[in-house]
S.K.: 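Here it is: the structure, laid out below.
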Number of protein chains: 2
Amino acid sequence: MLGLSQTCGYAILALSCLHECGGGWVLARDIARCTGIPQAYLSKVLHSLARRGLIVAKRGYRGGFALARAPDRISLLDVAEAVEGEQAVPRCLLGLSECSPERACPTHRFWQRERERITAELGRLTLVEVAQFERQDGTWLGSCDPRNSRHVNRRRSARTATVNGRSRHRDGGNRS
Amino acid sequence: MLGLSQTCGYAILALSCLHECGGGWVLARDIARCTGIPQAYLSKVLHSLARRGLIVAKRGYRGGFALARAPDRISLLDVAEAVEGEQAVPRCLLGLSECSPERACPTHRFWQRERERITAELGRLTLVEVAQFERQDGTWLGSCDPRNSRHVNRRRSARTATVNGRSRHRDGGNRS
DNA sequence: TATTTTCTTGACAGGCTGGTCATGATAAGA
DNA sequence: TCTTATCATGACCAGCCTGTCAAGAAAATA
């Protein structure tokens with residue numbers, strides 16, 4: 001099947017959800033309800049995004065997740081590589097391990113071009129474009145706003161933890 | 001991972017190998033040796049290609065496999081759909097089940113265009129183009145000629161069973 | 001310090017993909 | 001009819017992806 005994994009789709013939905021909240025800690029539970037992703041699985045996806053430094057996590061009372069950097073600096077390619085590893089867009093369309101310019105598969109040249117187009121587009125699309133898309137069309141899948149949830153942290157706490165605006169960038173690093 | 005399955009790559013290698021033999025029954029064992037595909041697994045791949053009518057199989061002494069129709073009428077898209085089902089190039093890049101024009105994911109429009117390009121190219125590329133590619137570059141992975149193998153059927157038997165030139169088209173149908 | 005809240009993480013399960021092995025079915029020829 | 005060559009197919013396995021569950025660790029607060 002020629003496509004990214006479902007987990008990658010989940011990751012983009014979750015990040016977009018965090019972006020929509022405009023900074024502040026958002027509970028995994030609320031992201032799950034907002035996006036429809038199974039919560040237990042979402043926890044693992046979020047964890048892998050945190051490990052790759054795309055988001056930061058805070059445990060305990062009034063904890064949650066937040067973007068680790070500005071939304072225009074998180075591309076869909078970043079997400080794909082965080083979730084699926086470096087080879088999210090593989091070199092050989094046919095999945096042949098020893099396909100190279102010297103020893104190529106028949107789709108090699110075509111896929112080389114196409115791969116560049118796809119990689120470039122995934123690199124260009126950031127969470128900002130995703131949000132714009134949503135506003136323009138109103139068709140985005142995860143359009144429920146987690147801030148309207150009864151479980152979400154109060155707005156004032158969202159101001160305290162200004163994650164996007166830099167200030168706690170280095171927090172993402174010191175994890176075991 | 002954004003790519004077709006390895007099995008699909010196997011299928012294209014195997015079909016190309018059959019085409020290179022220019023008609024006549026080729027043993028699964030020889031295709032396996034020529035392409036490097038594990039023989040037991042190749043058997044299953046060939047079987048699924050036979051079920052979809054891309055090749056014909058003959059059991060018993062001097063049996064083997066042969067293309068069921070002319071090589072320029074077997075596209076890579078045919079192969080992908082035979083092996084991976086109709087949705088070889090899925091509608092949603094992110095694998096989201098409910099992604100549609102009314103309720104879209106952020107990559108929807110981009111992927112719609114890209115999907116058409118890829119599908120068209122896979123539909124255009126047939127076994128003939130694959131063979132041309134091989135001749136031009138000499139880089140094709142499965143370039144060992146199974147006819148040079150000590151196990152292959154004698155050339156005279158290859159003339160007997162002219163599969164490509166029509167004549168036994170209907171054989172593919174009557175299987176339980 | 002005890003409690004509550006929340007993320008973390010390991011165990012596990014089901015389905016799919018890639019792969020192996022053994023047995024059965026069938027075709028040709030002696 | 002017997003033998004041999006060959007494909008067909010079911011059982012099985014390992015690894016990955018998706019998903020669930022539960023116990024553990026950490027942070028805030030009373």
Side-chain angles (χ1 to χ4, degrees), chain A residues 1 3-11 14 18 25-32 36-51 55-66 83-85 87-88 94-97 151-154 157 160-161 171-172 174-176, chain B residues 1 3-11 13-14 18 25-32 36-51 55-66 83-85 87-88 94-97 151-154 157 160-161 168 171-172 174-176:
Chain A
M1 242 260 281
L4 296 169
S5 69
Q6 192 182 2
T7 304
C8 181
Y10 284 175
L18 283 179
W25 303 105
V26 184
L27 302 187
R29 186 203 312 147
D30 291 320
I31 301 175
I37 305 168
Q39 186 185 337
Y41 191 57
L42 175 65
S43 280
K44 307 216 153 172
V45 177
L46 290 171
H47 181 58
S48 75
L49 291 176
R51 234 182 317 152
I55 62 177
V56 284
K58 198 173 94 155
R59 296 211 265 199
Y61 189 74
R62 295 208 172 157
F65 295 90
V83 165
E84 311 204 348
Q87 284 278 325
L94 306 181
L96 302 174
S97 51
H151 289 103
V152 80
N153 292 339
R154 264 65 67 222
S157 78
T160 336
D171 271 34
N174 55 4
R175 44 190 53 260
S176 61
Chain B
M1 243 260 281
L4 295 170
S5 68
Q6 192 181 4
T7 304
C8 181
Y10 284 174
L13 247 53
L18 284 179
W25 303 106
V26 184
L27 302 188
R29 187 203 312 148
D30 291 321
I31 301 175
I37 305 168
Q39 185 185 337
Y41 191 58
L42 175 65
S43 280
K44 305 212 154 172
V45 178
L46 289 171
H47 182 58
S48 75
L49 291 176
R51 234 182 317 151
I55 61 177
V56 284
K58 197 172 95 155
R59 296 211 263 198
Y61 189 73
R62 296 208 170 155
F65 295 90
V83 165
E84 311 204 347
Q87 284 279 324
L94 305 181
L96 302 174
S97 51
H151 287 103
V152 80
N153 292 341
R154 264 63 66 221
S157 78
T160 336
R168 61 171 32 250
D171 272 34
N174 54 4
R175 44 188 54 262
S176 60

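Throughout, protein chains are lettered first and strands after them, A, B, ... in sequence-line order, and every chain is numbered starting at 1.
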S.K.: Take the protein atom NZ of A:K44 and the nucleotide atom C1' of D:dG19, then report the distance between them rounded to whole Å.
M.R.: 9 Å
S.K.: Separation of B:L27 atom CG from C:dA27 atom P, in whole Å?
M.R.: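 Rounded to the whole Å, the gap is 16 Å.
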S.K.: Assess the residue pair B:D30 and B:F65 against the criterion (side chain to side chain contact (heavy atoms under 4.5 Å, CB included)); give the C-alpha distance rounded to whole Å, side-chain angles, the decisive distance to 0.1 Å, and a yes or no.
M.R.: CA-CA 10 Å; B:D30 291 321; B:F65 295 90; over 6 Å; no
S.K.: Looking only at heavy atoms, which two atoms of B:L49 and B:A11 are closest? And how far apart?
M.R.: CD1-CB, 4.1 Å
S.K.: In whole angstrom, give the distance that lies between atom CG of B:L49 and atom P of D:dA8.
M.R.: 11 Å
S.K.: In whole angstroms, how far is the C1' atom of C:dT20 from the CD1 atom of B:I37?
M.R.: 16 Å
S.K.: Quick one: on DNA chain C, does A:G60 or A:A40 contact a more 5' nucleotide (nearest heavy atom)?
M.R.: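 Its nearest nucleotide lies further toward 5', so the answer is A:G60.
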S.K.: Given D:dG19, C:dT5, D:dC7, which nucleotide is nearest the side-chain atoms of A:Y10?
M.R.: D:dG19
S.K.: Could you state the atom-to-atom distance from CZ of B:R51 to C1' of D:dC7 in whole Å?
M.R.: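 Those two atoms, CZ and C1', are 14 Å apart.
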S.K.: Tell me which nucleotide among C:dC7, D:dG19, D:dA27 gets nearest to the side chain of A:Q6.
M.R.: D:dG19
S.K.: B:T7 has a side chain; which of D:dG19, D:dT9, C:dG18 sits nearest to it?
M.R.: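 When the side chain of B:T7 is considered, C:dG18 is the closest of D:dG19, D:dT9, C:dG18.
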S.K.: Could you check how far CD1 of B:I55 sits from P of D:dC7, rounded to whole Å?
M.R.: 10 Å
S.K.: For B:Y41 and D:dC7, give me the distance from atom OH to atom P, rounded to whole Å.
M.R.: 18 Å
S.K.: Using the side chain to side chain contact (heavy atoms under 4.5 Å, CB included) rule, take A:I37 and A:V45 through it: C-alpha gap first, then chi angles, then the decisive distance, then the call.
M.R.: CA-CA 10 Å; A:I37 305 168; A:V45 177; 5.8 Å; no
S.K.: Taking all non-hydrogen atoms of both residues into account, name the closest pair between A:G63 and A:L27 and its distance.
M.R.: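 Minimum heavy-atom contact is O-CD2, 3.4 Å.
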S.K.: If you check the B:A57 side chain, which of D:dC7, C:dG29, D:dA28 turns out closest?
M.R.: D:dC7
S.K.: Rounded to the nearest 0.5 Å, what separates atom CD in B:E84 from atom OG in B:S48?
M.R.: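 Going from CD on B:E84 over to OG on B:S48, the span is 10.5 Å.
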S.K.: Is the distance from OP1 or OP2 of D:dA5 to the nearest side-chain N or O of B:R59 less than 4.0 Å?
M.R.: no
S.K.: On a plain distance test, is the side chain of A:K58 in donor-acceptor contact with the base of C:dT5 below 3.5 Å?
M.R.: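 Result: no qualifying N/O pair found.
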S.K.: Verify the contact: side-chain N or O of A:R62 to OP1 or OP2 of D:dA27, cut-off strictly under 4.0 Å; return yes or no.
M.R.: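 It does not, given that no N or O in the side chain of A:R62 lies less than 4.0 Å from OP1 or OP2 of D:dA27.
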S.K.: Across the strands shown, which category fits B:A28 at heavy-atom distances under 4.0 angstrom: base, sugar-phosphate, nothing?
M.R.: sugar-phosphate
S.K.: In whole angstroms, how far is the P atom of D:dA26 from the CH2 atom of A:W25?
M.R.: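 Interatomic distance, CH2 of A:W25 to P of D:dA26: 17 Å.
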S.K.: Just to confirm, is there a sub-4.0 Å distance from OP1 or OP2 of C:dT9 to any side-chain nitrogen or oxygen of A:H47?
M.R.: yes
